[in-house]
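Lettering of chains follows the sequences in order, A, B, ..., and the numbering in each one begins at 1.
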Protein chains: 2
Amino acid sequence: METSVSAIKNKTKKTASRKRQRLSPDEREALIVDTAIEFFSEHGFEATTRELAQRLGITQPLLYRYFPTKQKLIERVYERIYVRRWQPKWGRLIKNRKRSLTDRLIDFYQEYTDAVYDYVWVRSFLYAGLMGLDINSRYLEIIRTNVLIPICVELRHENDQPSVRKVPISDEEMELAWSMHGMFFYRAVRHFAYGLPIVENLDQVIESDVRLFMKGAPQAQKKIIKRQMA
Amino acid sequence: METSVSAIKNKTKKTASRKRQRLSPDEREALIVDTAIEFFSEHGFEATTRELAQRLGITQPLLYRYFPTKQKLIERVYERIYVRRWQPKWGRLIKNRKRSLTDRLIDFYQEYTDAVYDYVWVRSFLYAGLMGLDINSRYLEIIRTNVLIPICVELRHENDQPSVRKVPISDEEMELAWSMHGMFFYRAVRHFAYGLPIVENLDQVIESDVRLFMKGAPQAQKKIIKRQMA
DNA sequence: GTGCCAATTTATCTTTTGATAATTTAGCAG
DNA sequence: CTGCTAAATTATCAAAAGATAAATTGGCAC
């Protein structure tokens, strides 16, 4: 079903200025989305449809044959950039009780770095949030379900706390998990949004973060649950 | 020199629709800036000059008598937003060795919340970063000097590590301090940039963060310094 | 080769918004 | 009270950018 975009590009971009190229709707759409990802990555989402069309080598109105509004196109791009970048294996990694939670988290956040520590990714994610596009919430839901909640669940399991069925996860306990995530993600913000230099040995720092977290988290969780029961 | 804006407001906003109000340039300018801060806080910097003028009860072209471009007005707003927020007493608070570092950090971050957990502040800070405005670096330097470095220094002091003069603070050690700050600030990002609900008992969560940090930080710091010496 | 039809383009609209020029008038000096 | 000055308004421009309607044409079916 998926059309090979590189193949189409060959078909299209042959020489400088060429005659109108008539593609099948599937091909054209694939080409638009693919180019849009690249284009918006570089210029941000305020960039114009006209410039996008220019890069595509088509006219601007043609975009509107494939996407009713710019917003819809952007949503499509987001979908591709964010949602698809999440690898289901990560969810399994975190839940795998054959290993210590510390090891699992170190592995996860180190691998996750490859997906997230990326100029385009971080910046457009922040932009989307600031602009109020409803893109972040879907992605953050993935994080919630696959990272934060498992952290709480596994942490309880390792430290003999009541299961989440007996004592549901409170907001405060979720915040505990967010703390871990914050240490990790704020580094990316500092680097890609503020332009500060990134630390050299990132893997080392991530490991250090996780160990820091895992050292204090059990006690913190215990306290939270205790307060919750009172 | 500073004009009391609340006084001018009384002067201005008397009844619903009033005749044109002729103010001195100083007064009018103060009113514009003050209102702009409030206005852009709520609607972000993409909001229009017309709407701002409406809130001010003046016409849109009048803005251009006081600021040659919208950009200039925004810069002025930025300046004001960051000028007064950092309180020098916070620097002293963190360095006060009469109290435990844990207590100091809890106090600091709880107080600091009032300055930073603010729609305008967080969003404009992120926007400035993304847009490449050179606003963040100056502010982050304050954070570095008054928060992060003191955290490292005090942490060493409390845990019998070599002084920073003997063993300078490495990037990795700075990252450790940034971890603390990340837990704190990423919450604000989640709330004000992503629009997620903020946890109810924020003070409690901050205290929890600091305790989490202080539980693991000494060991982490020790490791880092050890690696550094090797 | 011919005709068709949908992919694509051309031309154009509309709204938004930053910015300017010309006109009006508030309110103080005298 | 009168006149002047500059504060403020009205009217308007121009550019940008999303979106639409009508005309054009590439390339497949036959």
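When the nucleotides C/dT25, D/dT25, C/dG18 are ranked by their closest atom to the side chain of B/Arg20, C/dT25 comes out on top. Here C/dG27 is the nucleotide among C/dT8, C/dG18, C/dG27 with the atom lying nearest to any side-chain atom of B/Gln21. In this structure, the nucleotide among D/dT10, C/dA7, D/dA6 sitting nearest to the side chain of B/Arg65 is D/dA6. Of the candidates D/dT20, C/dT8, D/dA8, C/dT8 carries the atom nearest the A/Tyr66 side chain, counting heavy atoms from C-beta on. The side chain of A/Arg50 sits closest to D/dA17 out of D/dA17, C/dT8, C/dA19.
The base of C/dA19 sits within donor-acceptor range of the side chain of B/Gln60, with an N or O pair under 3.5 Å. Remark: the A/Arg28 side chain and the C/dT8 base include no donor-acceptor N/O pair separated by less than 3.5 Å.
The side chain of B/Arg22 places no N or O atom within less than 4.0 Å of a non-bridging phosphate oxygen (OP1 or OP2) of D/dA8.
Side-chain polar atoms of B/Ser179 and A/Arg187 form a donor-acceptor pair below 3.5 angstrom.
B/Thr69 comes within contact range of the sugar-phosphate backbone alone, with a heavy-atom separation under 4.0 Å but no base atom that close.
Whole-Å rounding puts the B/Tyr64 OH to C/dT20 C1' distance at 10 Å. For A/Leu73 and D/dA19, the CG to P distance is 10 Å, given to the nearest whole Å. In this structure, A/Glu29 atom CD and C/dA6 atom P are separated by 17 Å, rounded to whole Å.
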